[in-house]
Amino acid sequence: MNELDCNISAEAEKDLKALDGSQRILILKAIKKVQQNPLSQAEGGYGKPLGNKNGNDLHGFLKVKLKSAGLRIVYKTVKVDDRMLVIVIGARADDEVYGIAQKRIQQHNL
């Protein structure tokens with residue numbers, strides 16, 4: 001399903017498939033846009049840096065919020081080729097998204 005030029009974790013792929021069709025289209029469009037410059041906003045890119053979110057250490061990871069849809073994408077820029085590694089995609093509250101991201105980061109030693 002990954003027609004994007006980025007790496008999507010197996011869990012994030014499941015997150016994407018669980019969204020309804022219109023949400024999936026919004027996420028895919030957002031990822032394609034962010035892929036053009038997946039660096040942090042401080043480096044001229046689209047991603048907003050994450051830090052410590054309610055006890056979840058997400059330093060080194062970035063987020064993109066689709067505010068009107070209530071969707072979030074948590075990803076890491078792989079500096080070797082400036083590709084994105086998408087960790088979590090979801091229509092969840094901040095606390096839940098960041099908790100899931102923390103678990104996946106630890107599980108995969110990212």
Side-chain angles (χ1 to χ4, degrees):
M1 176 175 179
N2 187 359
E3 66 265 17
L4 301 168
D5 185 27
C6 70
N7 299 320
I8 299 180
S9 70
E11 296 95 339
E13 189 86 34
K14 288 179 186 175
D15 295 341
L16 184 62
K17 288 179 182 178
L19 297 174
D20 70 37
S22 62
Q23 290 175 320
R24 196 173 306 120
I25 290 169
L26 289 172
I27 289 289
L28 291 172
K29 283 182 181 179
I31 290 173
K32 284 182 182 182
K33 179 179 178 181
V34 173
Q35 281 179 280
Q36 295 170 18
N37 192 349
L39 302 174
S40 73
Q41 291 173 343
E43 298 174 281
Y46 290 106
K48 185 172 181 183
L50 292 168
N52 191 341
K53 295 287 188 181
N54 299 321
N56 298 303
D57 182 10
L58 301 174
H59 287 90
F61 289 82
L62 304 163
K63 72 175 176 182
V64 174
K65 290 173 78 169
L66 286 71
K67 292 179 186 176
S68 62
L71 298 167
R72 288 161 181 74
I73 303 165
V74 175
Y75 71 96
K76 181 175 187 169
T77 300
V78 181
K79 294 287 188 177
V80 174
D81 56 6
D82 285 341
R83 288 174 55 118
M84 297 168 61
L85 170 59
V86 178
I87 304 299
V88 63
I89 299 168
R92 302 176 177 102
D94 283 347
D95 293 349
E96 188 177 358
V97 167
Y98 302 140
I100 291 168
Q102 177 67 34
K103 287 178 188 173
R104 292 178 182 174
I105 290 163
Q106 289 174 341
Q107 180 181 7
H108 297 289
N109 296 317
L110 299 173

Under 3.5 Å donor-acceptor, [X] side chain and [Y] backbone:
X   : Y   : answer
S40 : P49 : no
R72 : K65 : no
N37 : G44 : yes

Between atom [atom1] of [X] and atom [atom2] of [Y], what is the distance when rounded to the nearest 0.5 Å?
X   : Y   : atom1 : atom2 : value
I73 : M84 : CD1   : CE    : 6.0 Å
Y75 : Y46 : OH    : OH    : 10.0 Å
L62 : I87 : CG    : CD1   : 10.5 Å
N7  : E13 : CG    : CD    : 11.0 Å
I89 : S9  : CD1   : OG    : 7.5 Å
L85 : F61 : CG    : CZ    : 7.0 Å

If you take all heavy atoms of [X] and [Y], which pair is closest and at what distance?
X    : Y    : answer
Q102 : D57  : OE1-O, 2.7 Å
K76  : L110 : NZ-C, 4.1 Å
L16  : R24  : O-NE, 3.2 Å
V88  : A101 : CG1-CB, 4.0 Å
L50  : V74  : CD1-CG1, 3.9 Å
Q23  : D20  : N-OD1, 2.8 Å

>> Are L66 and V64 packed together at the side-chain level, in the sense that at least one heavy-atom pair is separated by less than 4.5 angstrom?
In response: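 L66 reaches V64 side chain to side chain.
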>> Could you check whether any side-chain heavy atom of L19 comes within less than 4.5 Å of a side-chain heavy atom of L26, counting everything from C-beta outward?
In response: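 The answer is no; the side chains never approach within 4.5 Å.
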